[in-house]
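Letters A, B, ... are given to chains in the order of the sequence lines, protein chains preceding strands, and every chain is numbered from 1.
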Amino acid sequence: MEAPRGRPGNPVGRLPGAAPRGACRAIANEVKRTVAEYDPQAIERKWQEIWERAGAFDADAEPGRPKYYVLEMLPYPSGTLHMGHMRNYTIGDAVARYKRMRGFNVLHPLGWDSFGLPAENAAMQHNIHPREWTNANIAQMKAVCRRFGFSYDWRREISTCEPEYYRWNQWFFLKMFERGLAYRKRSRVNWCPKCQTVLANEQVVDGCCWRHDTTPVEAKDLEQWFLRTTSYADALLDDMKLLEDGWPERVLIMQRNWIGKSAGARVRFRLAGEPNVSIEVFTTRIDTIYGATALLLAPDHSLLPKLFEGQPNRAALEAQASDLRRHILRPAEMAAEKRGFFTGRYVENPFSGEPMPIWAANFVLSEYGTGAVMCVPAHDQRDFEFCRKYELPIRVVIQPENGDQISADALESAAADYGRLVNSGPYTGLGSEEALVKMANDAESRGFGIAETIFRLRDWGISRQRYWGTPIPILYCEKCGVVPVPENELPVRLPANVAITGQGSSPLAGVPEFVNATCPRCGGRARRETDTMDTFVDSSWYFYRYADAQNDRAPFDPAKVAYWFPIDQYIGGIEHAILHLIYSRFFCKVMRDLKLVDHAEPVSRLFSQGMVQKGGVAMSKSRGNVVAAMDVADRYGCDTGRAYMLFAAPPEKDLEWSEQGIEGCSRFLARVFRLVERHGERLAVVQAENAAGADPASLSEKERALLRKTHQTIKRVTDDFEIRWHFNTSIAAIMELVNELYAREPLEEDARPAIVKDCLDRLVCLLSPLAPHLAEELWERLGHGDGLAAVRWPGFDPELAREDEYEIVVQINGRVRGRVFAEAGLGEQEVLRRALEDPKVVPFLEGKTIVKTVVVPNRLVNLVVR
RNA sequence: GCGGAAGUGGCGGAACUGGCAGACGCACAGGACUUAGGAUCCUGUGGCCGCAAGGCCGUGUGGGUUCGACUCCCACCUUCCGCACCA
């Protein structure tokens, strides 16, 4: 790289007007002599107390005043605040503080997702009541949050394990029950033998429990309560268009996949020889039905045993079936081979009348569609592989619109694309899209099928055989059957004294005082439901409760919610992209139907922050690479921790924990402290002069330079908050400003105190969302009696930010050959003239012809020569 | 396999609309101050060649568009994440 060149007459690499070299020593000495050390612990303690006494971050609904609701995801109170939390809350806090300075009424609350399994595990291991354990953890984590000075309105704190909160879970459940959105059915459930409870489908990952990733989930039949998420499947999908601007694309994609809408048709195939028995399949490709050469059943399809009846080799078939059931493919065994066997029976293709053999196949999912599919090897890759293996016939019924015709013998893989129908009876010659509609219609009018759209999304099973959760408010009466607990009897409280063994069914079943109840309808004996709710119920609506956390007559006052909602900015980890966020959207839609809210979506903007890693991997207990937030605060102060979280990477990217990096941030804050401290006493009595709009001629060259850098920094930091959401570059910009101020020391020379003060004031304001305690302290030291909470975000004056003079790069054929200076606004011709005269440039032009010139204002000149 | 994100110095990262690649920080080196410095302040720091002036190379790879490409287009490689026999 070329050596930096200063202007003629200036020392190389030094800013025009910077202090002469000899001055550095003097400044350093003076700084050392007079400046107190940056003491983050003292400063942070002081301001946290002041904020708390003042209720500085309490916010109430003020109709007519613009609001901003910024929210971080509800934490589980594990006891330690780890780096992920710290990063999450630091981002949210920076945004909250920035928006306050922008004049918004900011709602920024925090609470605790305090039901859940770990409390029960702790109860077993340490013989401590889940409530005690949980509350101790909450106290600990809250202390860390306070130590970090996050600007929460603590009056709105909620804890989901308190009856004041969970009674509204029960209330919502009853509302859903009334509307048929909560129902009970016996169903095959995912059972985790370690958790000793049911898991939602969403909680099964690769066939294993989401908490125990080496424990395979078992199938079990149980009576379960479900919430009918599927009745909102279309709304959940359609309303995603409202989120396209504010949510990360990948989250929307994940949700779309999860909902898994597929449009197709249900078709009934009659069992050959038994006209009253038929098998239904679901297909999205009814246009290929003339190419179906078999019908495939899931190994656990309910009809399978019936098919074997009366066959001589029935026992052998049943053995094969149960063998195949053991080989139902789990996602982890995706590469495993397809297997199946012929059942000995046939169905009749309702379109062609042709007989088709029925096979059982291990890759057919019993829980999706109808658990049976038609097998079209020519046009479906899975069927193709299956038929090749078992030598079933392959028949081409779709030919590509353009390109070579295909033939069954030459196929190396299935041809799944749409095309034109061949060998398809009366449909031959139609295009796939046309045929899909027509054939489904015909199937319906001929009585063996119907167009249908199905979803991958299933109803949400919420029953958990656990103690530490919300009791499901249902009674079972010997006479009246299933009876909901009347609203006025809520909450159904968790009994305090329960033996938690971790074995068998719900611990509540062992508490007679809880189980035995009176039927509210007939007054007879009733048994209470002993399952509790999935904790995702708690977190599906908690952010509404923040709007009205103390309400004891309703989950919230709709007017308050109408003021604060929707959430303007929600911030959390990507791990909640599906479960929590779909359930929350579902709850919102139910609430809208209950007329509690009038918005369609609860969250306008969602941000997924990156993980915090150490040594390139996520911090985790098992890896032993966890750094606790409290340790950072103890060693460096929380402002340093915050600054590092924001500086080390843009917020959406993973962040590598670096001790040296954090020391760099600590140095930076100390450097800011010394700078302001050095001038604070002198400037505290000075009224800052707002130079905006001032006559530039009245400013000294140094004043202009100071103001220019300051206003350029304001612009950069403001854009970072408003548009880019890249706080790393905000801090970098502020560092540049600080460097410039140091370089121009002594500031008291050639610059009026009022101007210097103005610059330092603005610097401190820019810093305040990022390192709030230090900023408050410096603000005070600059002589301001009022706290920063009352201060507006600094304004930006483009006139002051403008450069007077630009260095213009002169390129010859795209290569940098020289540099010239041009005053702002200098005409193109003049810039070009200077470029052509530049002594560095001239030799490159000798004997050449300039074919083209490009002049980019304030940036460069490119001369194309030949 | 499908979908998404990303590949830039020794490291974290910057470059906003196509216009000086490497801002800012870390690390390292030199200097100042100092009894001392792992504090502070100042300076330097992509690679190669060169005493220097300067030159050449350089943003995963290969092409393309353009006066000009980290940025746009095409093909490919690698990494991470999500989904995955969903009929």
Please enumerate all protein N or O atoms sitting under 3.5 Å from an N or O of nucleotides 2-12 of chain B, with distances to 0.1 Å.
unit_1 : atom_1 : unit_2 : atom_2 : d
B:rG12 : O2'    : A:A648 : O      : 2.6

Quiz item: How close or far is atom P of B:rC20 from atom CZ of A:F821, stated in whole angstroms?
Solution: 16 Å
Quiz item: Closer to the 5' end of RNA chain B via nearest nucleotide, is it A:C665 or A:P650?
Solution: A:P650
Exercise. Evaluate the ring-ring contact (aromatic ring centres under 6.0 Å, His included) criterion for residues A:F448 and A:F269: first the C-alpha distance (whole Å), next the side-chain angles of each, then the deciding distance (0.1 Å), finally the verdict.
Key: CA-CA 8 Å; A:F448 57 78; A:F269 290 70; 8.5 Å; no
Quiz item: How many Å lie between NZ on A:K338 and P on B:rA87, as a whole number?
Solution: 15 Å
Exercise. Could you check if the base of B:rG10 is syn or anti? Syn means the glycosidic torsion is within 90 degrees of 0.
Key: anti
Practice problem: Tell me what A:P248 touches on the nucleic acid: a base, only sugar-phosphate, or nothing, going by heavy atoms under 4.0 Å. | Solution: nothing
Practice problem: Report the nucleotide, chosen from B:rC24, B:rC56, B:rA87, that has the shortest atom-to-atom distance to any side-chain atom of A:E736. | Solution: B:rC24
Exercise. May I have all residue pairs that pass side-chain hydrogen bond (donor to acceptor under 3.5 Å, both in side chains) and include part of residues 848-866 of chain A, sequence neighbours excluded?
Key: none
Quiz item: If you measure from the P atom in B:rA27 to the same atom in B:rG18, how many Å do you get, rounded?
Solution: 36 Å
Exercise. Flag the pair A:D838 and A:K840 as a salt bridge only when some basic side-chain nitrogen lies within less than 4.0 angstrom of an acidic carboxylate oxygen.
Key: no
Quiz item: Which whole number of Å gives the distance between the P atom of B:rG25 and that of B:rA14?
Solution: 15 Å
Quiz prompt | Partners passing side chain to side chain contact (heavy atoms under 4.5 Å, CB included) against A:R708 (at least two apart in sequence or in another chain) | solution = A:R704, A:A705, A:Q712, A:E803, A:D804
Quiz item: What dot-bracket string describes RNA chain B from 5' to 3', counting Watson-Crick and G-U wobble pairs whose defining distances are under 3.5 Å, with [ ] for crossing pairs and | for pairs to another strand?
Solution: (((((((..(((......[....))).(((((.......))))).((((....))))..(((((..]....))))))))))))....
Self-check item: salt_bridge(A:R744, A:E749) N-O dist < 4.0 Å
Solution: no
Quiz item: So, for A:A822 and A:I808, which heavy atoms are closest and what is the spacing to 0.1 Å?
Solution: CB-CG1, 3.8 Å
Quiz item: Would you say the ring centroid of A:F341 lies under 6.0 angstrom from that of A:Y390?
Solution: no
Quiz item: Base, sugar-phosphate, or nothing for A:R815, non-hydrogen atoms under 4.0 angstrom?
Solution: sugar-phosphate
Quiz item: For the pair made of CZ in A:F668 and C1' in B:rG13, what is the distance, rounded to whole Å?
Solution: 16 Å
Exercise. Could you measure between the two C1' atoms, the one in B:rG38 and the one in B:rG46, and give it in whole Å?
Key: 28 Å
Quiz item: Does a nitrogen or oxygen in the side chain of A:R678 sit under 4.0 Å from OP1 or OP2 of B:rU40?
Solution: no
Exercise. Could you state the atom-to-atom distance from CZ of A:F282 to P of B:rC86 in whole Å?
Key: 12 Å
Quiz item: Is a donor on one side and an acceptor on the other found under 3.5 Å between the side chain of A:N349 and the backbone of A:I289?
Solution: yes
Practice problem: Answer yes or no: are there more than 12 heavy-atom neighbours, outside A:K261 itself, under 6.0 Å from its atom NZ? | Solution: yes
Exercise. Using a cut-off of strictly less than 4.0 Å, decide whether A:R256 has a side-chain nitrogen or oxygen near OP1 or OP2 of B:rC86.
Key: no
Quiz item: Does a side chain donor of either A:N739 or A:R671 reach within less than 3.5 Å of an acceptor in the other side chain?
Solution: yes
Practice problem: Select base, sugar-phosphate, or nothing to describe what A:V364 touches, counting heavy atoms under 4.0 Å on all strands. | Solution: base
Exercise. Specify the closest pair of heavy atoms between A:R716 and A:T729, including all atoms of both residues, with the distance to one decimal.
Key: NH2-O, 4.4 Å
Quiz item: B:rG13 and B:rA6: how far apart are their P atoms, nearest whole angstrom?
Solution: 13 Å
Self-check item: Check ion pair A:K614-A:E656 (N to O, under 4.0 angstrom)
Solution: no
Which atoms of nucleotides 27-29 of chain B (N or O only) lie under 3.5 Å from a protein N or O atom, and what are those distances?
unit_1 : atom_1 : unit_2 : atom_2 : d
B:rA27 : OP2    : A:R667 : NH2    : 3.1

Self-check item: Spacing of the P atoms in B:rC20 and B:rC26 (rounded, Å)
Solution: 26 Å
Quiz item: Just how far, in rounded Å, is C1' of B:rC56 from CD1 of A:I812?
Solution: 18 Å
Exercise. Select base, sugar-phosphate, or nothing to describe what A:R456 touches, counting heavy atoms under 4.0 Å on all strands.
Key: base
Practice problem: Could you give the distance separating B:rC80 and B:rG64 at their C1' atoms, to the nearest angstrom? | Solution: 29 Å
Practice problem: In whole angstrom, give me the gap between the P atoms of B:rA15 and B:rG7. | Solution: 12 Å
Quiz item: Starting at CD1 of A:I574 and ending at C1' of B:rC80, how long is that distance when rounded to a whole Å?
Solution: 13 Å
Self-check item: Atom pair distance, as rounded to whole Å: CD in A:E659 and C1' in B:rG38
Solution: 15 Å
Quiz item: With a cut-off of under 6.0 Å to the ring centre and 45° to the axis, is A:K338 in cation-pi contact with A:F386?
Solution: no
Quiz item: Is the gap between the ring centers of A:W657 and A:Y644 under 6.0 Å?
Solution: yes
Exercise. For A:T284 and A:A263, work out which heavy atoms get closest and say how close.
Key: CG2-O, 3.5 Å
Quiz item: Relative to the 5' end of RNA chain B, which residue comes earlier, A:R859 or A:F844, by the nucleotide with the nearest heavy atom?
Solution: A:R859
Quiz prompt | Separation of atom CD in A:E575 from atom P in B:rC83, rounded to whole Å | solution = 13 Å
Quiz prompt | Mutual orientation of the aromatic rings belonging to A:W725 and A:F727 [parallel < 30°, tilted 30-60°, perpendicular > 60°] | solution = tilted
Quiz prompt | Minimum heavy-atom distance between A:L304 and A:A298, given as atom pair plus value | solution = CD2-O, 4.1 Å
Exercise. Using only heavy-atom distances, decide whether a donor-acceptor pair under 3.5 angstrom links the side-chain of A:R382 to the base of B:rA87.
Key: yes
Quiz prompt | Sugar-phosphate, base or nothing in reach of A:G664, heavy atoms under 4.0 Å | solution = sugar-phosphate
Quiz item: Closer than 4.0 Å, any side-chain N/O of A:Y742 to the OP1 or OP2 of B:rC41?
Solution: yes
Quiz item: Contact class for A:T284 vs. all strands (heavy atom < 4.0 Å): base, sugar-phosphate, or nothing?
Solution: sugar-phosphate
Show me the protein contacts with nucleotides 66-68 of chain B, counting only N or O atoms at under 3.5 Å.
unit_1 : atom_1 : unit_2 : atom_2 : d
B:rC67 : O2'    : A:N862 : ND2    : 3.3
B:rC67 : O2     : A:N862 : ND2    : 2.5

Quiz prompt | Among B:rA87, B:rC41, B:rG19, the one nearest A:V373 by side-chain distance | solution = B:rA87
Self-check item: Interatomic distance at C1', B:rU8 relative to B:rC70, whole Å
Solution: 7 Å
Practice problem: Report yes if a side-chain nitrogen or oxygen of A:S262 is closer than 4.0 Å to either non-bridging phosphate oxygen (OP1 or OP2) of B:rA87; otherwise report no. | Solution: yes
